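Right, one structure below, let's go through it.
Because the structure is predicted, anything quoted here is derived from the model rather than measured. First listed ligand is number 1; within each ligand, the first listed atom is number 1.
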Amino acid sequence: MTNTTYSESKPNFMSSVNFNPNRNQSRKKASQQIMNRSNYVNTNMSNDFKIGDIFGINVFNRQVMSTLLPKPVYKSLVQSLDRGERLDPSIADVVANAMKDWAISKGATHFCHWFLPMTGLSAEKHDSFLVSANDSGAIIEFSGQNLLLGEPDASSFPSGGIRSTFEARGYTGWDPTSPAFIMESVNGKTLCIPSIFCSFSGHALDKKTPLLRSMDALNRAALRLLNLLGNTAPSRIISTVGPEQEYFLIDEAYYLSRPDLINSGRALFGAKPPKGQEMEDHYWGSIKERVLAFMIDSEYELYKLGVPVKTRHNEVAPAQFEVAPVFETSNIACDHNMLLMEVFRKTAQKHGLRCLLHEKPFSGVNGSGKHNNWSLADDLGNNLLDPGSTPSENSQFLVMLTCVILAVSKYGNLLRASVASAGNDHRLGANEAPPAIMSIYLGDKLSQIIESLVSGKKEVKGNHGLPIEIGVSLLPNLPRHDSDRNRTSPFAFTGNKFEFRAVGSSQSIAFPNTVTNVIVAEAMKIIANDIEAHLKKGQDLNDSIATVLQKTLKEHQKIIFNGDNYSKEWHEEAAKRGLPNYKNTVESLPSLMAKESVELFSSHGVLTEAELNSRYIIMLENYIKTIAIEASLTANLAQTVILPPCLEYQARLAQTIATSKIAMPNIMQTAQEEILRELSSKINDFYRSIEVLETLIKSGGENHELLNEAQYYEQEVLAAMKEVRKFADQLELFVDDSLWPMPKFREMLYIY
Ligand code: ADP
Ligand code: MG
């Protein structure tokens, strides 16, 4: 009988299993710590502040400058800022001195050139105001030269091959269009001077320089077009941006028990929680006190920095939130979004929370994006994408709208590439974020108007039955926020602005906006050339505009889609229309280096071929490095954190069965044995998948061609990681909960 076999093996078997009751300590401790937390709703500051009293108090803005600078200096500075002209270098010393005195009066001891290298983060190297010290004390100085130019030894910043190591020095230069500010930290204050970052040979090594150049390009192209339309009033056109920012907050104790979150910003393991977002009970729900305390505290810090945050609410996924600022010029909006992300990270820690800005921290619930609301404004305060109330305003609006349609139709691939990253790949294309296919949503009303322009005869409802005639007829009233009915579109017209929804939550908005600006500038150039050609042939202005719009819209109407972007039908329809569908970073990035793209960026003076190439290389490298890190982490955690408790559970089960058989030799153990068999088989699959991943990791770096290497990571490594995760997540749902080592989604997303 089999029972003798068992009883014979008894002594050995029993003594060989040594259970570790402390295995699960970090997860358990995390939960205990959270339950014992008190006082976490404390905002660390008085919450009866008045926004007006603190807004911008740490900013060297125009108001401050007008009181601290001599009148002629202030006038000269403001004039060059308003006109986008080069600054008179002779005023630099005066400005620097005033800036230094102001900063010191506020308690700053150091200054830094604050810049945006191609890491996608902000960078700063602090210098104290002290220049020398002798018997008579310290000498404090900050010259115009200090303000204008910094020379960080920046050889460790990515340059995408632009800067060879022998000319490693990078130069930072003051960007006077974005105001200097004082960054407060617990133990000191630093004057931060927003700056560009270039190589010795003048190549842009940062994200700000091309953005500023693209704003210039747009200004030139827009002014030329407006003048052609007979609008000579504005002297400057700027792009305006309001980025809505999504993010997650989780308790720090959980965060610290998840090495994947710490090292890669996203959970590489974790079964979908039983309750996800299906109840739709989080979105715009009442904000928990603790989260509100974090929000108020962050807003307080941001107001001091002059960042105009406005809205706050719960987002769709559990533990997900959103903040949106009042829009500003692109460059400042970009700087402010960088500050916002930094302030959020810091403030979350003060509240025992962690702010996750990754595009997809938790699979199974929605990821995070950054909706980039974009428009054009003139220096007289008019929004050029506002339909307006006179026929001439309307025809101007239709021309501007057509420019955007042309831009996205012709260069949608560049918009797609501008938001490509390993993190954003988890989002685009899943049915929660816009698909990777670029299209424009206009809403029914506006689409009808476009139809009528194309056909030249159709009537538009609400337009008194009149066909659209450029320069003669009034447009019917267009409903604002029409687009809220379609949240699936990647590029939606929302009444007086476009909302580019594919930007990732952790990304700098600089490059997506650089691309938006340059493609619209190009479209304006094309349309202006066309109109000019017709004028030269003797056609009058309105006829010329009508002809050009009709021709352009006919050709590019294919980019307009008002339906459900998530549907299978759209994917088929888009393919028929010839719209590209670059499903991931690796597929989309080569568009950057296409001949037309190089020509586009260089002809507008935004990026030279070398500069564009460096962005392409850095984006590819980032992709590869991100996945390489995630892959190592996956293999590592699978082997050393997840596998051991699975084996332990297996041993416990085996022991249970063995001892039961001794105690009850004649009772079948069918269920128990089945559980053990299933567990063993899952562990086996899991272990094999780790082996496969490890082998693939070892072969990483064997491709000499960067694109091939990226393809390898996308097709092989990422797929192997998914397998490991699949089995790990199955085990999570199978193994004794008290043994499971890492906090589960059902805890992390709900207990905070
Ligand atoms: P919605 O809720 O439809 O997205 P909101 O009015 O709430 O619209 O605006 C969302 C974001 O769009 C805000 O950050 C806002 O500042 C920004 N925004 C509004 N108007 C403009 C504009 N003209 N240019 C750029 N951004 C804008
Ligand atoms: Mg919105």
Looking at ligand 1, is there an atom of it that comes within less than 4.0 Å of some heavy atom belonging to T494? no
Sequence neighbours left out, cut at 3.5 Å: what donor-acceptor pairs do the side chains of residues 414-424 make with other protein atoms?
residue : atom : partner : partner atom : Å
R416    : NE   : Y582    : O            : 2.9
R416    : NH2  : Y582    : O            : 3.2
S418    : OG   : L415    : O            : 2.7
S421    : OG   : G423    : N            : 3.4
S421    : OG   : N424    : N            : 3.0
N424    : OD1  : R427    : NH1          : 3.0
N424    : ND2  : V419    : O            : 2.9
N424    : ND2  : A502    : O            : 2.8

Taking distance alone, with N or O pairs closer than 3.5 Å, would you say W374 contacts ligand 1? no
Between the side chains of D444 and S447, does any donor sit under 3.5 Å from an acceptor? no
Could you tell me whether R62 and D82 make a salt bridge, using a distance below 4.0 angstrom between a side-chain N and a carboxylate O? yes
Is it the side chain, the backbone, both or neither of H371 that has a heavy atom closer than 4.0 Å to ligand 1? neither
Taking the non-hydrogen atoms of K310, is any one of them nearer than 4.0 angstrom to ligand 1? no
Could you note down all residue pairs passing salt bridge (Lys or Arg N to Asp or Glu O under 4.0 Å) where residues 308-321 supplies at least one of them, sequence neighbours left out? E299-R312
Just by distance, no angles: are the side chains of K497 and N383 close enough, under 3.5 Å, to form a donor-acceptor pair? no
Is Q63 atom CD crowded by more than 12 heavy atoms from other residues, nucleotides or ligands, each under 6.0 Å away? no
Please determine if T240 has a nitrogen or oxygen closer than 3.5 Å to a nitrogen or oxygen of ligand 1. yes
For N383, atoms of ligand 1 separated by under 4.0 Å from a heavy atom: 23 (N)
Which atoms from ligand 1 have a heavy atom of E499 less than 4.0 Å away? 4 (O)
Any idea which of P308, S239, P325, A324 brings a heavy atom closest to atom 15 (C) of ligand 1? P325
Answer yes or no: does an N/O atom from V326 fall short of 3.5 Å to an N/O atom of ligand 1? no
